[in-house]
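To start, the structure under review is shown below, and the notes come after it.
Letters go in sequence order (proteins before strands), and every chain restarts at 1.
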Amino acid sequence: MEALNKVFIPEQVEGKWTSKWLNDCCFDKAMDKAKKSFCILMPPPNVTGVLHMGHLLNQTLQDVFIRHARHCNKCATWIPGTDHAGISLQVKIEKELMENALNPREIGRERFLERARAWRDKHGGIILSQLKSLGVSCDFKNQVHTLDESYSQGVLTAFVELYKRGYIYRGKRMVNWCPKTLTALSDEEIIMKPQKSKLYYIRYEVIERPGQFIEIATTRPETIPGDVAIAVNPEDERYRNLVGLHCRCPLNEAEISIIADDTVVRDFGTGALKITPAHAAVDLAISQRHNLPIIDILNADGTLNALAGSEFAGLDRFAARERAVEKLQAIGTLVRIEEYENSIGFSERGDVPIEPRLSEQWFLKYPKVNEAKRAVSEGFIKFYPKHWEKTYLHWLDNIQDWCISRQLWWGHRIPVWYKKNSDRSDSHNLHVSVDGPSDIENWEQDEDVLDTWASSWIWPFGVFGWPDQEKMHREYFSYFYPTNILVTGPDIIFFWVARMIIASMEFIGPNKKSLNSEEIKVRIPFKSVYFTGIIRDKAGRKMSKSLGNSPEPLDLIAKYGADGVRFGILLSAASGQDLIFSEDNLKLGRNFCNKLWNAFRFSRINRAYKPYTKISLADIIAKISIQDLDIDDHAILLNLIKFCSTFEEQMEHFEINAAVNSISSFFWNEYCSWYVEASKTRLREGNKTVSAVHDIIMRQLLLLLNPFMPFITDELWNMGEHDQHSMQNVYCETSQDLRLAFGILGLDKTATNMVTQLKEFLNLSRRLISQSQELKERTSLLICPKNEIARRVVGDYIPKLQKLVGIEKIGFTNEILQFSSVQTSLGTVYLHVERINAAEEKKKLTLEIEKLSKLIRLNKIQLSNKKFFSHAPAHIVEGAQRMLRENTFKQEELRKILSTME
RNA sequence: GGGGAAUUAGCUCAGUUGGUUAGAGCAUCAGCAUGACACGCUGGGGGUCACUGGUUCGAAUCCAGUAUUUCCCACCA
């Protein structure tokens, strides 16, 4: 038998188990109809992504769920994948090209895509392989990528179907335009950022009344050449007499009219609003109501065009703003400039202010919105924490059509073809299908691709090969769908979660206009959604690579071990709260692993040992001689059942942090600190019963801990075994199983209470001892038991007490002694030392008596209240009465001791 | 402007449907090489449960209001 290291060294076992798990195909998807299915779909990380702190938390949680399910005898599958990351990879490749002095738009679509694919194939798998070092148990052989042939068929089918069903349309509308990445974006991709900007007050001369001006306020003076009107509120007295007149645009001398519209806010700025329909959504709405023209003065890249006038054409929008201000100042129409704080939308990827722009795009009017709401509000899909339901429902209540086309190359090209050289707006010249028209040479395909989220939204069934029925059958769709739990961040509740629910409502099952509750129930993509918190640094900022405040996860794993990191991060993850990351918790995780390692090492050193692969719970129990079980054995086994039952409940409610705390506290406090210490002597003597009890506890702990720390537990489980096999599919006995299995042992339920009293007794004795300066060899403990039961319990325990308090001389007394003492529920404990400071002792006693008096007084007040008796439940009243009795007893004892000292 | 969440020990957080004297870990202080573990063991100190009212025999917990922090949503240019 090889000697175990004093310290657990993660790298000695992690690599070994990672490859063993993969070689043994431990995680491969399979169907076992005899078992219940349990399925998790991994939120596909971007192929451009690298492992960050969020993944660490998110993936660990998923792994805990999936491994726990395996121990619960379920057929569990976790399907991983990657997202093609539309804009993100497009930008990356463009940058790469530009660094090589190549113009992306010049090399052409096909060559661009070749490069993008090459990049993906080379780097795209990195993130999943990084996950291996964390020990995740997903089915690596069954990875799905959103641009896979089969998955793409699903994406396009969804588009075509929605088009046929009348939900997808093409239209010229105001969209969020990113002048950097040159594409339209959805509302969700816009990040509002507060900005320190300026409000410019500018006057326009009223043509009909020379010398009279109307003053407006704007943050964007460069758009003045695009003005088509000035609008005021019809109720506004100041401007009423100007409505219907005209004024002159200060920059280009154009004549525009003054109109009235009741959406204009009177008390903002001057109450007069310049209308620039091509560059502001509100303005567009007003201009449409008044049949005004639209003058678009901006190019796609954010520079101004010829319509802005020769002076401005070609200038970037921000440069144009400066130029406009200069000019307005020069001609004397700029009245004043005010500092002004407003929020401006930025594009997520380009990180530049977005430009509201009129353009021709594809839009989706969301189907099954009502059903998607009911799926959650009627409880078919449960959110953890529940309060996210409100956010979800609120979004669906205010949902806007989704701009799904992107002016990019990397992605799913929109499956729409136009007849060559024909009017695209005529629907007869349009072909919409997955495979394209048969006479494809006469058609040209839409240039745009779909928003990435318009591909990942079919993830829950796309990964199973939808709509290919045969493939879905091969992939066990009907067995695994709906999946059990989705683990993700609340930041993508709209981007992804809500849209997946909508897609599932629309596409699972036959095409129907509306669904009843039963139909909703079978269509849901997942039964539960677990929203993780966001990981923040100590200053409360979100951890991100770009901020530079995020540690490198792989470094952390190298430093603390994968098990330690997993355990540590779960310790910090209070349910549903954002979590402040600190390495201290990882240290705790590492320490926990080490403690587990050493608890096991202790077992191996002190007794005959057989690997857990070779023995079942029943085998272990069979080794117990019932007459050998002592009070601690009874108590720890009963405690184990209780703890398991708590643990099960917590896992069931996804209270992972609480479950980690329970298991940690049972292992460390109940098992290591109490039971191991209390049973040491008997174990060393070779007592087979004690050895078996240790085995029961350790075996159960390994099974329960395996989902949280798979490496160390598999290693310990297989320790001493040549032919090693992962423990992951070993059934873990439930608290109910344990209760039944322990039935033959006839466990004494009073043991728990007695051990609790002994713990108190021990703690108070230790405190008493530590307060004395005397050497332990020169002291002894004398116990005056409260009654005969206490005398027997303590008497039986003296051999253990000697070890636990570190004092050899422990005896009984029936007298009141003038020693330092403490009151316990088993009786008075005296510390017999050679010298005692009487004055000090008296002071201590008096203080203690006073403290008790206070408690007794409060107790008496409560018990003298008649309403307390009539309202409070019996056990509370009894508790109060018992408390009064005990405190009174203790106080009397203390008084007796004090009186002998007077 | 609308909504969510949070506020408990120096720090990070537990605290079930109101019920005995509010807990844990970290940090801190004191002691300890005790034949599993110093990544450990033993003990100590530390809290007016954000504030103000209310309900109740009883409130960290329920209700109302206030304050602070934080996140999301929203077309005041």
Side-chain angles (χ1 to χ4, degrees), chain A residues 4 6-8 174 187 192 199 216-220 223 231 263-270 272-276 280-285 342-343 356 385 387-388 390-391 394-395 398 490-491 493-494 534 536 538 540 542 560 564 571-572 574-582 584-585 587-606 649 657-658 661 664-665 669 672-673 676-677 680 684 763 766-771 803-806 851 854-855 858-859 861-862 865-873 875-884 887:
Chain A
L4 296 186
K6 229 171 128 165
V7 175
F8 170 58
M174 190 65 93
D187 296 342
M192 298 305 282
L199 196 55
I216 58 96
T218 180
T219 53
R220 303 200 59 187
T223 62
T263 57
V264 177
V265 179
R266 275 189 281 176
D267 51 11
F268 184 85
T270 62
L273 170 65
K274 78 184 196 68
I275 302 298
T276 320
V282 191
D283 296 13
L284 179 65
N342 63 345
S343 286
H387 67 80
W388 289 113
K390 281 195 178 169
T391 308
H394 182 258
W395 185 72
N398 297 287
D491 47 334
I493 191 167
F494 311 137
I534 290 166
R536 300 179 180 281
K538 281 193 175 143
K542 195 170 167 176
Y560 299 103
L571 271 177
S572 357
S575 56
Q577 309 269 49
D578 285 358
L579 54 122
I580 311 245
F581 177 79
S582 129
D584 290 350
N585 277 331
K587 213 177 272 175
L588 291 181
R590 179 198 61 183
N591 295 356
F592 185 91
C593 292
N594 198 51
K595 186 80 176 173
L596 183 66
W597 179 262
N598 273 291
F600 191 86
R601 181 163 163 259
F602 165 81
S603 280
R604 294 247 298 176
I605 292 170
N606 287 291
E649 218 166 281
N657 179 257
N661 278 315
S664 163
S665 136
N669 303 333
C672 292
S673 298
V676 169
E677 295 302 330
K680 249 176 190 169
R684 293 213 179 93
N763 287 341
R766 277 173 169 167
R767 187 189 299 181
L768 187 64
I769 295 162
S770 76
Q771 279 163 0
K803 289 269 172 200
L804 294 171
V805 301
K851 229 165 96 185
K854 220 184 213 170
L855 291 175
L858 287 173
N859 236 312
I861 292 172
Q862 187 179 37
N865 187 331
K866 274 178 195 149
K867 279 193 173 172
F868 176 65
F869 282 92
S870 53
H871 287 77
H875 73 277
I876 297 297
V877 177
E878 279 162 30
Q881 287 167 331
R882 195 178 58 240
M883 188 63 59
L884 180 62
N887 285 336

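Counting only heavy atoms from C-beta on, A/R767 has its side chain closest to B/G44 among B/G44, B/C72, B/G19. The listed nucleotides are B/U21, B/C72, B/U12; the one nearest the side chain of A/I580 is B/U12.
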Subject >> Reading 5' to 3' through nucleotides 27-38 of chain B, protein heavy-atom contacts under 4.0 Å coded B for base, S for sugar-phosphate only, - for none >> reply: --------SBBS

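Here A/A280 lies out of heavy-atom contact (under 4.0 Å) with every strand. Residue A/P490 is out of contact with every strand shown, counting any heavy-atom pair closer than 4.0 Å. A/R766 comes within contact range of the sugar-phosphate backbone alone, with a heavy-atom separation under 4.0 Å but no base atom that close. Residue contacts for A/A217: at a heavy-atom cut-off of 4.0 Å it reaches a base atom on one of the strands shown.
The phosphate of B/U12 (OP1 or OP2) has no side-chain N or O of A/N585 nearer than 4.0 angstrom.
Pairing for B/C32 is with B/G40, a Watson-Crick or G-U wobble pair whose two hydrogen-bonding atom distances lie under 3.5 Å. Under the Watson-Crick or G-U wobble criterion, with both distances below 3.5 Å, B/G1 is paired with B/C73. Pairing for B/G19 goes to B/C57, judged as Watson-Crick or G-U wobble with the two contacts each under 3.5 Å. Using Watson-Crick or G-U wobble geometry with both donor-acceptor distances under 3.5 Å, B/C26 finds its partner in B/G10.
Rounded to a whole Å, the CG atom of A/L884 is 21 Å from the P atom of B/G19. Remark: P of B/G2 and CG of A/N398 are 15 Å apart, rounded to the nearest angstrom. Taking atom CG on A/N657 and atom P on B/A24, their separation rounds to 16 Å, with Å as the unit.
The side chain to side chain donor-acceptor pair (under 3.5 Å) search around A/E677 returns A/K680, not counting sequence neighbours.
Rounded to a whole angstrom, the distance from the P atom of B/A64 to that of B/U55 is 15 Å.
Contact check for A/Q862 versus A/N859: side-chain heavy atoms found under the 4.5 Å cut-off. Using a 4.5 Å heavy-atom cutoff, the side chains of A/F494 and A/T391 are in contact.
Contact annotation: side chain of A/R882 to base of B/U20, donor-acceptor pair present below 3.5 Å.
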